[in-house]
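Notes to accompany the following structure.
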There are 2 protein chains.
Amino acid sequence: MQKQVDILVIGGSAAGIVAATTARAFYPDKEVMIVRKEQDAVVPCGIPYIYGTLKGVDQDIIPTGHITEAGVELMIDEVKSIDKESKTATTSSGTVISWDKLVIATGSVPKVPEWLPGTGLENVFTIPKDSHYLEQVQHALEKSKKVVIIGGGFIGVEIADELSKKGFDITLVELLPHLLQMAFDEELSVRAEEILADEGVKLRLGCKVERIEGDGAVSAVRLEGGEVLEADLVVLSTGYLPNTTLAADAGIKLNELDAIRVDEYMRTEDKDIFAVGDCAEKFSFFTRIVKGLMLASTACSEARIAGMNLYKLSRLRTFGGTMSIFSTAIGGTTFAAAGVTEQVAIERGFDIVSAFAQGIDKHPKSLPNVHSQWVKLIVNRESGLVLGGSVMGGASAGELINVIGVIIENKMTIHEVLTLQFGTHPLLTGPPTGYPLLKAAENVARKLRA
Amino acid sequence: MQKQVDILVIGGSAAGIVAATTARAFYPDKEVMIVRKEQDAVVPCGIPYIYGTLKGVDQDIIPTGHITEAGVELMIDEVKSIDKESKTATTSSGTVISWDKLVIATGSVPKVPEWLPGTGLENVFTIPKDSHYLEQVQHALEKSKKVVIIGGGFIGVEIADELSKKGFDITLVELLPHLLQMAFDEELSVRAEEILADEGVKLRLGCKVERIEGDGAVSAVRLEGGEVLEADLVVLSTGYLPNTTLAADAGIKLNELDAIRVDEYMRTEDKDIFAVGDCAEKFSFFTRIVKGLMLASTACSEARIAGMNLYKLSRLRTFGGTMSIFSTAIGGTTFAAAGVTEQVAIERGFDIVSAFAQGIDKHPKSLPNVHSQWVKLIVNRESGLVLGGSVMGGASAGELINVIGVIIENKMTIHEVLTLQFGTHPLLTGPPTGYPLLKAAENVARKLRA
C-alpha cells in the first residue's frame with residue numbers, strides 16, 4: 001500500500017502527539033499523520049500508579065480524542081525502515097508512506113544491565129511504555145508478595161511507594177548512596193528515604209546487586225557482600241536508553257549517548273527530518289553539556305519547537321537547552337527540583353551560594369490540611385543568577401517548582417526574585433509575610449551580602 | 001518616656017512586619033522597632049475563614065515569633081503623631097520615639113458608604129483588621145440566621161462561601177453586574193456566581209442598596225426597586241480606604257486616592273520616610289496609572305523594596321508597578337488572575353488577543369481528586385507580550401497563577417511562553433501533552449497567526 005502525507009510523525013506517545021498537534025496548529029493546511037504500534041498509548045509518568053492508585057493499565061491511557069480532534073491521522077502500525085533519499089517510511093504491514101517532513105519520536109526502552117546475571121528469569125520485569133507488557137507485570141504482581149526493586153530513580157521509588165500501600169513486602173536497592181540522587185539535593189533524598197522507610201520499604205542504599213537468582217522463575221536477589229533478598233518478583237528500574245535503532249539504520253547521526261543529534265530547532269542533519277523526546281539529544285541549559293535526561297515535559301517542549309519550525313525557522317523561540325524540572329509525590333509529600341542540583345553545580349565549576357526556608361503551604365497554620373513547605377535556591381555567586389531550586393511540600397509544590405523554572409529560564413537574579421510579586425491566599429499558598437520561596441531568596445541575598 | 005531607634009515601623013500587619021524584618025536582614029547593625037496597637041495582629045486575608053473553617057479569631061493570628069526572632073522590637077502602643085523635623089513619633093501612652101528612618105505601614109480601614117442610611121444600626125458590621133471587633137462580629141453571628149452581605153468583592157464572596165457552609169440564610173448584594181468584577185474576567189465571575197448559588201446563597205447582582213432598616217438593631221435591607229431583604233445581621237464589605245490620617249497630619253503628601261505618595265523605592269518626599277502596603281500609593285505595572293488596589297502580597301513586595309533601600313538606594317530591584325495577582329477559593333474551586341482583565345486592557349487602549357484552554361490538574365483523568373483546570377491568557381497583539389492571565393482549577397491553581405505572574409513580570413511574549421519547560425507529574429499537574437497554560441498559549445498564537 002502507498003500513502004502520502006505532508007508530515008509524518010513516528011511514535012505516538014507524549015512527544016509524537018505534541019509534535020503532530022502543534023504542526024497542525026501552525027500549518028493547518030498540511031496533512032499530519034502519526035504512526036505508532038499500539039492503539040492505546042500509556043501515560044508514561046503514570047505507569048507507577050497503575051499498580052496502586054489506579055485500577056489498572058486501561059486507566060493510564062493517553063486519550064486519542066485530542067489527536068483526531070486536532071485533525072491528525074493516527075495509523076496503528078510499526079515503521080520498520082526510513083529512506084532519507086526517497087523520503088519514505090515502510091511499515092511492518094508493508095505500507096510505504098511518503099513524507100515531506102519527518103518527525104522521529106520513537107522514545108526510549110528500558111536499559112537492562114548486561115553484566116547482571118539472571119535478568120532473563122521469569123518474574124523479572126522492566127518497565128517499558130508497553131500496555132500489554134505492563135498488564136503482564138500486573139498479573140504477576142497479583143501472585144507475588146516479596147518484591148525487590150533494583151534502581152532508586154523515579155520509577156523505582158514511585159513503584160515502591162505505590163506497592164507499599166498495597167501491603168507488598170518491598171526492598172528497594174540503589175547503587176548510589178541516596179535515592180533520586182541524580183535529580184535531587186541530599187535534603188530531598190534523605191526525606192524521601194525516611195518516608196519510604198516509615199511505610200515499611202526496606203532500603204539498601206549504596207548496594208550493588210551481584211546476581212538475580214532462581215530456577216526458571218526468580219527466587220532471590222543477591223547483593224555484593226552476600227546479603228540475599230528473597231523475591232517473588234523483581235522490578236528492574238535501572239534507566240532507559242534512546243530508542244534509535246530505526247534512525248541509526250537510516251543513517252541518521254547519533255551522539256555519544258546514542259540519541260539522535262539535533263540542532264537548536266530539533267532538526268537532524270537532514271533539514272526535513274526532526275527528532276524529539278527521549279530519542280533526541282539533550283544538552284544542558286547551563287553548560288550545553290550533552291545529557292541523558294528523559295522527561296515527558298522536556299519532550300513536549302521539544303515537540304512544540306519542532307512543530308512550529310517544520311516549514312520555516314523562526315527565532316520566536318528556540319530550545320535553549322534542557323532545564324530539568326522534576327517532580328514527584330512520595331507518601332503524600334511533593335518533592336520537586338528545577339535546574340541544577342548543588343552537586344552538579346559544583347562539579348561543573350560554578351561558585352554557588354544556597355539557602356533554604358521552611359514554612360507552610362497554607363496560612364494560618366491552624367487551617368486544615370496545612371503541609372510544611374521547604375524551598376531551597378541555588379545561586380551563582382558572581383552573577384547572582386538562580387541556577388536551581390527545590391521544594392518539599394504539599395500538592396501545590398508541583399506548580400511552585402514551575403514558578404522556579406520560569407525564574408531560571410528567564411535568567412533572573414536573586415535580587416529580582418526577592419521583589420517579585422506573588423499572589424497569596426490562606427487556602428492556597430504560604431503567607432505573604434513568609435512565602436517560603438521569597439524567604440529562601442532573602443536568605444541567599446543575606447549570604448551574598450555577608 | 002523617651003525611646004530611640006534607628007528604624008521605626010508604624011503598623012505591624014503584613015507590610016510592617018516584612019519591612020521591619022527585611023530591614024534587619026539587610027542592615028543587621030540597625031535597631032528596628034515596630035509599634036502597633038494590638039498584641040495580636042490578625043492575618044488579613046484569613047478573616048473570612050474565622051467564620052467557617054477556623055474555630056475563631058484566635059486561630060487567625062500572625063505569629064510574633066518571626067518578628068522577635070529576626071531581632072525586631074515589638075512595642076504595643078498607638079502612634080498619635082509624627083514630627084518630620086525632629087524625626088520623632090509620639091504615642092498615646094506619651095512615649096516619644098526618635099527615629100533615623102521611618103516606615104509608615106498603617107494599612108487601611110473599611111469604607112462605609114456615607115450616602116447609605118442605616119449603617120450605624122446595631123448588628124451592621126464592617127470587616128476591619130481588628131481582632132476585638134471581629135470577635136464581636138462572631139458573637140453577633142452566633143445569634144443570627146439571616147445575613148445580608150453588601151458588596152461582592154473578595155471579602156463579601158469569601159464570607160458568603162464560609163457562612164453558607166454553616167447553614168446561614170445569606171443574600172449577597174453587588175452593585176456591579178457581576179461578583180469580583182474588578183479583579184476577574186467574566187468567565188470567572190459567572191462560575192463563582194454559579195457555585196455560590198448552588199450553595200444556596202441568594203445573589204442580587206446589579207442591585208443598589210437604598211437603605212439599611214431597623215429600630216435600634218438592623219431588621220432589613222431595602223434595595224432600589226423596592227425589594228426588602230430581611231436581615232438579623234449585615235456585613236458591609238464595600239471596600240477599604242488608606243489609613244493615612246496620621247501621615248496627612250504630619251504633612252506627608254497624599255495622592256488623589258488619599259494614599260501616601262511614594263517613589264520607585266517606596267520613599268515619600270522626605271527621603272527618610274517610607275510608606276508601604278495599603279496606605280501607600282499604587283500604580284499600574286502596565287500603564288503607571290494610579291490604582292486603589294490593596295493586596296497583602298503586593299504590600300509585602302513593597303515592604304521588601306523599602307527594607308532593602310532604607311539606607312542606600314540600589315538598582316538591584318525597584319518596584320516597577322503593581323501587578324495585581326488575585327486568588328481565592330470558592331466552594332473548593334480556585335479562582336485566580338494576574339495582570340489586567342480583558343475589560344481593563346480594552347479600557348486602557350490595548351489591542352488584545354485572548355484565548356483559553358480547558359484541561360485537568362492531575363493526569364490521567366482516572367486518578368482520584370482530579371479537578372478541571374481552565375487557563376486563559378490575554379496578550380497584546382502588536383508586541384505579543386502577555387498582559388494578563390486567569391485560572392480556574394483545584395488548589396494548585398494558587399501557585400499556577402504565580403507562574404503566570406512571573407511570566408508577566410518578565411515581559412515574556414506568548415511565543416516564549418509556548419516553549420517554556422514545565423515540570424509535570426500525574427499526581428500534581430496537568431499532562432505534559434495538554435498542560436492548560438501551554439494550550440492556552442498555543443490558542444493565542446494560532447489567533448495571532450490567523
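In the text below, chain A, chain B and the rest are named by the order of the sequence lines, each starting its count at 1.
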>> Distance check, rounded to the nearest 0.5 Å: A:D161 atom CG versus B:L427 atom CG?
In response: 8.5 Å
>> Can you give me the closest heavy-atom contact between A:A395 and B:L428, atom names plus distance?
In response: O-CD2, 3.8 Å
> Measuring from A:T433:OG1 to B:I67:CD1, what's the distance to the nearest 0.5 Å?
Replying inline: 8.5 Å
>> When you measure from the side chain of B:S297 to the backbone of A:F422, do you find a donor-acceptor pair of N or O atoms at a distance under 3.5 Å?
In response: yes
> Can you tell me how far the NE2 atom of B:H363 sits from the CG atom of A:D60, to the nearest 0.5 Å?
Replying inline: 8.0 Å
> For B:I401, is it the side chain, the backbone, both, or neither that has a heavy atom closer than 4.5 Å to a heavy atom of chain A?
Replying inline: neither
> Relative to chain B, which segment of A:L367 carries a heavy atom at a distance below 4.5 Å: side chain, backbone, both, or neither?
Replying inline: both
>> Quick one, B:C300 with A:Q421, criterion side chain to side chain contact (heavy atoms under 4.5 Å, CB included). Give me CA distance, side-chain angles, the key distance, then yes/no.
In response: CA-CA 8 Å; B:C300 290; A:Q421 297 171 56; over 6 Å; no
> When heavy-atom pairs shorter than 4.5 Å are enumerated against chain A, which of B:P63, B:P368, B:A25, B:S13 gives the highest number?
Replying inline: B:A25
> OG of B:S366 to CD of A:Q59: how many Å apart, nearest 0.5 Å?
Replying inline: 4.5 Å
>> Evaluate B:M412 against A:E409 for side chain to side chain contact (heavy atoms under 4.5 Å, CB included), listing each step before the verdict.
In response: CA-CA 11 Å; B:M412 296 185 78; A:E409 237 184 300; over 6 Å; no
>> Does any backbone or side-chain atom of A:L295 lie under 4.5 Å from a heavy atom of chain B? Answer side chain, backbone, both or neither.
In response: neither
>> Quick check on the interface: out of B:V43, B:T429, B:D361, who has the most heavy-atom pairs with chain A under 4.5 Å?
In response: B:T429
> How far does CG of A:L418 sit from CD1 of B:I305, to the nearest 0.5 angstrom?
Replying inline: 8.0 Å
>> Quick check: do A:P432 and B:T298 have side-chain heavy atoms less than 4.5 Å from each other?
In response: no
>> Given 3.5 Å as the limit, does a donor-acceptor pair link the side chain of A:S396 with the main chain of B:S396, or not?
In response: no
>> Shorter than 4.5 Å, heavy atoms on both sides: which option in A:P364, A:A15, A:P44 has the most such pairs with chain B?
In response: A:P364
> Most heavy-atom pairs under 4.5 angstrom with chain B, which of A:S327, A:A14, A:A299?
Replying inline: A:S327
>> Out of A:A329, A:G423, A:G398, return the one with the most heavy atom pairs under 4.5 angstrom to chain B.
In response: A:G423
> Under 3.5 Å, is there a donor-acceptor pair between the side chain of A:R446 and the main chain of B:F26?
Replying inline: no
> What part of A:L438 is in contact with chain B, defined as an atom under 4.5 angstrom from a non-hydrogen atom: side chain, backbone, both or neither?
Replying inline: side chain
> How would you list, in number order, the residues of residues 46-53 of chain B that have a heavy atom less than 4.5 Å from chain A?
Replying inline: B:G46, B:Y49, B:T53
> A:R449 and B:Y27: side chain to side chain contact (heavy atoms under 4.5 Å, CB included), yes or no, with the steps?
Replying inline: CA-CA 10 Å; A:R449 274 211 176 180; B:Y27 306 101; 4.2 Å; yes
>> Taking NE2 in A:H66 as the centre, count heavy atoms belonging to other residues, nucleotides or ligands within less than 6.0 Å. Is the count above 12?
In response: no
> If you count heavy-atom pairs under 4.5 Å between each of A:I414, A:I62, A:T21, A:T328 and chain B, which one has the most?
Replying inline: A:T328
> Is the count of non-hydrogen atoms from other residues, nucleotides or ligands lying under 6.0 Å from B:K165 atom NZ greater than 12?
Replying inline: yes
> Among B:N402, B:T334, B:N443, which has the most heavy-atom pairs under 4.5 Å with chain A?
Replying inline: B:N402
> What distance do B:T419 atom OG1 and A:R304 atom CZ have between them, rounded to the nearest 0.5 Å?
Replying inline: 9.0 Å
>> Using side chain to side chain contact (heavy atoms under 4.5 Å, CB included), reason through B:N410 and A:E416 one step at a time and then give a plain yes or no.
In response: CA-CA 10 Å; B:N410 276 290; A:E416 289 175 321; 5.7 Å; no
